[in-house]
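Note sheet for the following structure.
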Amino acid sequence: MKRMAVVLAAIASLVYFSTGFAAGAQDHGAAKATATVGELVDMGCYVAQSAKGEKHADCAAKCIAGGMPMGVLTPAGDLYLLTMDHANPDAYNKAKDLAGKRVKVNGPIHVKNGVKTIDVLSAEAMPAIASK
């Protein structure tokens, strides 16, 4: 778990520095806000072990509360790392409470070196899809 946390921290740092966040070079006007729906997962457990779903919700909540990065996994299998909009961190922090749930996240999508991110402008729980 520690090794995975170090790897994910390195990835998050790469995204942070390569997107210009560290230098304050954000340009939110360049990308249009988009609504993305999927499961809010903790990146460590999902990337390393494919852990997701209701059975993993408590673990995801604990990992995210402990600082693990979070992402949205769409039904199509796309995974987006969630990033905080520095002008409004409240939306990102609200998303932390939605671990393991089906969510709708609004914000601009960026792709850099193969990493897909969403700057969280808003996040809300969505009704679960009934299983057959």
Side-chain angles (χ1 to χ4, degrees):
M1 182 75 175
K2 284 185 180 182
R3 184 181 304 180
M4 182 53 62
V6 170
V7 169
L8 287 173
I11 291 170
S13 294
L14 175 66
V15 170
Y16 180 81
F17 288 108
S18 67
T19 57
F21 284 30
Q26 296 183 150
D27 181 8
H28 291 288
K32 181 180 173 189
T34 303
T36 303
V37 176
E39 180 182 343
L40 196 131
V41 297
D42 73 280
M43 297 292 283
C45 293
Y46 179 75
V47 171
Q49 304 164 12
S50 298
K52 63 180 181 160
E54 281 184 39
K55 292 180 181 179
H56 186 256
D58 288 340
C59 180
K62 289 176 188 173
C63 288
I64 289 169
M68 187 66 68
M70 58 185 162
V72 172
L73 177 65
T74 70
D78 292 321
L79 181 64
Y80 294 89
L81 175 69
L82 298 185
T83 58
M84 181 173 57
D85 175 49
H86 294 344
N88 179 17
D90 293 342
Y92 178 85
N93 290 324
K94 177 184 175 185
K96 292 178 183 181
D97 296 331
L98 303 174
K101 294 185 169 78
R102 185 169 176 255
V103 297
K104 177 168 73 172
V105 176
N106 288 299
I109 294 174
H110 303 279
V111 179
K112 185 81 165 197
N113 298 330
V115 178
K116 299 175 192 173
T117 67
I118 301 174
D119 255 351
V120 181
L121 299 179
S122 69
E124 63 183 280
M126 298 292 291
I129 297 174
S131 37
K132 296 180 181 182

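Counting begins at 1 with the first residue of the sequence.
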Least distance between heavy atoms, G100 atom then A60 atom:
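What the structure gives for the nearest pair is N-CB, 4.5 Å.
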
Taking all atoms of both residues into account, what is the closest heavy-atom pair of C45 and C59, and its distance?
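Nearest pair, atom of C45 first, then C59: SG-SG, 4.0 Å.
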
If you measure from [atom1] on [X] to [atom2] on [Y], what distance do you get to the nearest 0.5 Å?
| X | Y | atom1 | atom2 | result |
| --- | --- | --- | --- | --- |
| M84 | D90 | CE | CG | 10.0 Å |
| K94 | E124 | NZ | CD | 6.5 Å |
| K101 | M126 | NZ | CE | 14.0 Å |
| I109 | I118 | CD1 | CD1 | 5.0 Å |

Between V103 and V72, does a side chain to side chain contact (heavy atoms under 4.5 Å, CB included) hold up when you go through it step by step?
CA-CA 8 Å; V103 297; V72 172; 4.1 Å; yes

Among residues at least two apart in sequence or on other chains, which ones pass side chain to side chain contact (heavy atoms under 4.5 Å, CB included) with K96?
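K96 satisfies side chain to side chain contact (heavy atoms under 4.5 Å, CB included) with I64, M70, Y92, N93 only.
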
Tell me, please, which residues at least two apart from A123 pass side chain to side chain contact (heavy atoms under 4.5 Å, CB included).
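Per chain and number, A123 pairs via side chain to side chain contact (heavy atoms under 4.5 Å, CB included) with A95, L98, V105, V120.
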
Contacts table for residues 74-82: side-chain donor-acceptor under 3.5 angstrom, sequence neighbours left out:
residue	atom	partner	partner atom	Å
T74	OG1	A76	N	3.4
T74	OG1	G77	N	3.4
T74	OG1	D78	N	3.0
T74	OG1	D78	O	3.4
D78	OD1	K116	NZ	3.2

T36 and K104: side chain to side chain contact (heavy atoms under 4.5 Å, CB included), yes or no, with the steps?
CA-CA 6 Å; T36 303; K104 177 168 73 172; over 6 Å; no

Does R102 use its side chain to pair, donor to acceptor, with the backbone of P127 at less than 3.5 Å?
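Yes, because the side chain of R102 sits within donor-acceptor range (under 3.5 Å) of the backbone of P127.
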
Hey, is the main chain of P108 close enough, under 3.5 Å, to the side chain of T34 for a donor-acceptor pair?
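Not confirmed, T34 side chain does not pair with P108 backbone.
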
